[in-house]
Amino acid sequence: WTLPRDMKSNAARDAHKTDWSDPGVCLTIAVLGCTGDLAKKKTYPALFALFLHDHLPQSTLVVGYARSDLNDVSLRETLRDRLKGPGDKVQEFLQRCFYERGAYEDETRVDVFGGLGTRMTGFETARNATEAHRIFYLALPPSVYPPVCRNIHEACMATTGWTRVIVEKPFGRDLESSERLSGGIARLFTEKQLYRIDHYLGKELTQNLVVMRFANRFLAPLWNRDNISNVQIIFREPFGTQGRGGYFDQYGIIRDIIQNHLLQLLCLVAMEKPCSLSPDDIRDEKLKVLRCISPVSTENVALGQYTNSAEGVAYLDDPTVPAGSRAPTFALTVLEIQNERWEGVPFIVEAGKALNEHKCEIRLQLKDVPGDLFKDQRINGRQARNEFVVRWQPDPAIYMKMTVKEPGLGMELAQSELELLYTEKYEHTPIPEAYERLILDCINGDQQHFVRRDELAAAWKIFTPLLKYIDAGGLNPELYAYGSRGPSNADKLRQVAGFIENVTAKDITSGHL
């Protein structure tokens with residue numbers, strides 16, 4: 001199988017490093033679905049932040065595309081309040097934003113995107129471009145990806161520069177639907193032209209995982225099954241679906257959070273050192289981790305669905321949720337990586353809505369210290385364990401839980417931490433949002449923080465059998481109260497997997513991390 005001639009030429013242009021200082025080089029970004037929440041809340045604010053800090057190429061224009069009855073002026077007014085910055089800069093950015101109205105698919109027409117393609121070509125001609133590049137950001141439901149990609153390919157491909165396409169999750173519902181989507185798009189675009197976005201990969205602390213692991217000598221000897229008892233990857237939200245229940249119900253918490261965001265974090269925690277920092281070397285190592293994980297068994301999962309309490313209404317009381325839905329709003333899965341480094345170490349991956357806290361963190365719990373000199377100070381017969389924690393929410397931090405002597409004349413033990421709190425250490429340093437970084441990576445042709453097709457397929461293989469079993473009614477979620485810890489079956493599974501609650505007589509940590 002060989003690439004069609006036009007895809008070969010596009011691939012060659014895509015490999016070229018773009019010289020944005022050349023006045024003949026320009027960039028046009030098309031935001032498809034520009035009137036939707038994602039575009040207004042994330043895409044346009046990220047583009048504006050890049051513009052504000054001089055990270056967008058000077059020649060950049062942004063064309064919004066949707067079915068709504070708008071024009072350039074009315075689109076700019078809908079965006080104005082979403083952009084945070086000096087008024088003159090907001091106005092300058094908005095003058096670069098335009099609108100093209102049209103359909104996403106139309107069986108009666110061949111050139112559905114003909115108007116968009118003509119508009120983009122007109123902008124490039126007006127700028128006297130000799131090298132015109134195009135990015136298409138699909139802020140759209142995945143169901144319309146196939147016709148949209150086909151229409152882009154037919155009417156909107158760059159002729160003198162590269163074309164890149166950014167697609168959002170969820171990319172399919174299972175392995176079969178994901179591969180069907182991927183196969184259809186692969187007939188139109190090369191893997192180098194596709195940027196499957198997972199915004200967790202663009203977060204500052206996510207990017208710090210690779211640096212932290214491979215640039216610190218003292219961590220290397222600890223990062224294995226000889227020292228680590230278990231790893232928890234936790235995502236908790238204190239609110240429910242908030243009117244998005246109809247959308248959420250189509251996917252459930254495993255597809256929405258675990259199969260993509262949390263599994264990507266697991267890969268960065270567990271992967272071996274890559275040969276280099278090149279995107280494919282890093283993604284090769286992540287893929288090896290995924291291939292070492294067997295499909296989740298029903299014994300290694302706990303499901304829940306939130307119900308009424310004084311804190312909030314039940315999931316089923318959301319008017320957008322189908323009556324009698326059994327979609328899980330909470331899931332805890334135990335994954336095992338069958339390789340030399342991690343065999344026997346449970347990876348406990350948890351995500352849930354309407355819980356008692358807002359938290360996203362990775363917590364590596366180390367094993368007990370052998371030959372314990374301080375047995376008489378154990379609590380409930382247990383040592384206080386060391387823990388290494390990377391926390392995204394509520395306050396970004398990296399810290400190590402340690403047992404220390406409490407100040408005083410006695411020999412009382414307490415827990416404290418070595419900590420890096422981002423809100424204190426980098427209080428006056430602007431930290432970019434994930435979408436800013438990822439859009440800039442796409443502009444620069446860096447795919448390190450985007451998901452490759454084989455990664456995606458390997459991730460779906462882990463969860464597809466379980467998801468089909470759940471969808472067929474084989475596993476019902478346990479009800480838990482809105483604002484609680486979650487279902488009791490999750491606590492039991494966590495203990496069976498090997499996690500030990502870190503109880504100590506005294507905790508002198510700042511904020512009890």
With distance as the sole criterion, is a donor-acceptor pair present between the side chains of D395 and T423 under 3.5 Å? no
W223 and R213, any side-chain heavy atoms less than 4.5 Å apart: yes
Side-chain donor/acceptor pairs under 3.5 Å, residues 479-487, sequence neighbours excluded:
unit_1	atom_1	unit_2	atom_2	d
Y480	OH	T329	OG1	2.9
Y480	OH	K353	O	2.6
Y482	OH	G240	N	3.2
S484	OG	A481	O	2.7
S484	OG	G486	N	3.3
R485	NH2	D491	OD1	2.6
R485	NH2	D491	OD2	3.4

So how far is it from T43 OG1 to I439 CD1, rounded to the nearest 0.5 Å? 5.5 Å
Check against side chain to side chain contact (heavy atoms under 4.5 Å, CB included), H449 and K203: CA-CA 10 Å; H449 306 115; K203 290 180 177 288; over 6 Å; no
Is the closest side-chain heavy-atom distance between L366 and R385 below 4.5 Å? no
So do the side chains of I337 and V345 get within less than 4.5 Å of each other, counting heavy atoms only? no
Look up atom CG in L420 and atom CE in M400, then write down how far apart they are to the nearest 0.5 Å. 13.5 Å
Would you call R452-E455 a salt bridge at under 4.0 Å N-O? no
side-chain hydrogen bond (donor to acceptor under 3.5 Å, both in side chains) evaluation trace for N230 with Q365: CA-CA 5 Å; N230 59 81; Q365 188 174 79; 3.1 Å; yes
Counting distance only, does the side-chain N/O of N224 pair as donor-acceptor with the main-chain N or O of P221 below 3.5 Å? yes
Is the shortest side-chain N to carboxylate O distance from K288 to E272 below 4.0 Å? no
Taking the side chain from S178 and the backbone from D174, do they hold a donor-acceptor pair closer than 3.5 Å? no
Scan T241, L316, V313 and name whichever one has a side-chain contact (heavy atoms from CB on, under 4.5 Å) with Y306. T241
Are E176 and R180 close enough for a salt bridge, meaning some N to O gap below 4.0 Å? yes
Tell me if a side-chain donor or acceptor on N216 pairs with a main-chain N or O of L219 at a distance below 3.5 Å. no
Shortest non-hydrogen pair, M402 vs N386, comes out as CA-ND2, 3.7 Å
If you compare all heavy atoms of L290 against all heavy atoms of A459, which two are closest, and at what distance to 0.1 Å? CD1-N, 4.3 Å
side-chain hydrogen bond (donor to acceptor under 3.5 Å, both in side chains) partners of N476, counting only residues at least two apart: R326
Using a strict threshold of under 4.0 Å (side-chain N to carboxylate O), is an ion pair present between E285 and K273? no
Going by atom types only, do Y195 and D441 share a side-chain donor-acceptor pair under 3.5 Å? no
Does Q305 use its side chain to pair, donor to acceptor, with the backbone of Y315 at less than 3.5 Å? no
Can you confirm if the aromatic rings of W392 and Y422 lie within a centre distance of less than 6.0 Å? no
Considering all heavy atoms of both residues, which atom of P274 and which atom of I282 are nearest to each other, and what is their separation? CG-CG1, 4.0 Å
When rounded to the nearest 0.5 angstrom, what is the spacing between CD1 in I253 and OH in Y251? 14.0 Å
Would V451 and F171 count as a side chain to side chain contact (heavy atoms under 4.5 Å, CB included) if you check the C-alpha gap in whole Å, the side-chain angles of each, and the deciding distance to 0.1 Å? CA-CA 11 Å; V451 181; F171 207 76; over 6 Å; no
Show the numbers, then the answer: is there a salt bridge (charged side-chain N to carboxylate O under 4.0 Å, His left out) between R283 and D280? CA-CA 5 Å; R283 295 191 293 183; D280 277 332; 3.2 Å; yes
Validation row: R80, F93 side chains within 4.5 angstrom (heavy atoms): no
When every non-hydrogen atom of A302 is compared with those of N489, the smallest separation belongs to CB-OD1, 3.5 Å
So do L83 and L52 actually touch side chain to side chain, heavy atoms under 4.5 Å? no
Show the nearest heavy-atom pair for residues V390 and L209, with the distance to one decimal. CG2-CD2, 4.0 Å
Close side-chain approach of Y44 and L38, heavy atoms under 4.5 Å: no
N/O donor-acceptor pair under 3.5 Å between K84 side chain and D81 backbone: yes
Intermediate values then yes/no, side chain to side chain contact (heavy atoms under 4.5 Å, CB included), I166 and I135: CA-CA 7 Å; I166 300 175; I135 290 175; 4.1 Å; yes
With rounding to the nearest 0.5 angstrom, report the CZ to CD distance, R363 to E387. 4.5 Å
NZ/NE/NH1/NH2 to OD/OE distance under 4.0 Å, E191 and R196: yes
Would you say the side-chain atoms of S325 pair up with the backbone N or O of P322, donor to acceptor, closer than 3.5 Å? no
Pair Y435 + H199: ring centers closer than 6.0 Å: yes
Drop me the distance from N444's CG to R437's CZ, to the nearest 0.5 angstrom. 12.0 Å
Would you check if P346 and F499 make a side-chain contact, meaning some heavy-atom pair closer than 4.5 Å? no
Nearest-0.5 Å distance that lies between atom CD1 in I234 and atom CG in L265: 12.0 Å
Apply the test salt bridge (charged side-chain N to carboxylate O under 4.0 Å, His left out) to residues K401 and E417: give CA-CA distance (whole Å), side-chain angles for both, the deciding distance (0.1 Å), then the verdict. CA-CA 5 Å; K401 279 269 193 181; E417 79 280 340; 5.5 Å; no
Between E336 and S294, does any side-chain donor sit less than 3.5 Å from a side-chain acceptor? no
Does W342 have its ring centroid less than 6.0 Å away from the ring centroid of F347? yes
Distance-only polar pair, side chains of D318 and T320, donor-acceptor under 3.5 Å: yes
Passes side chain to side chain contact (heavy atoms under 4.5 Å, CB included), L418 versus Y399? Steps please. CA-CA 5 Å; L418 298 173; Y399 62 94; over 6 Å; no
Hey, is the main chain of E340 close enough, under 3.5 Å, to the side chain of E343 for a donor-acceptor pair? no
K461 and P465 have their tightest heavy-atom pair at O-CD, 3.5 Å
Could you tell me if the side chain of L303 sits less than 4.5 Å from the side chain of I254, heavy atoms only? yes
Could you walk me through whether D471 and R255 pass salt bridge (charged side-chain N to carboxylate O under 4.0 Å, His left out), step by step? CA-CA 12 Å; D471 291 345; R255 290 183 177 96; 2.7 Å; yes
Residues R494, E350; criterion salt bridge (charged side-chain N to carboxylate O under 4.0 Å, His left out); working and verdict: CA-CA 10 Å; R494 194 182 289 109; E350 171 193 328; 2.6 Å; yes
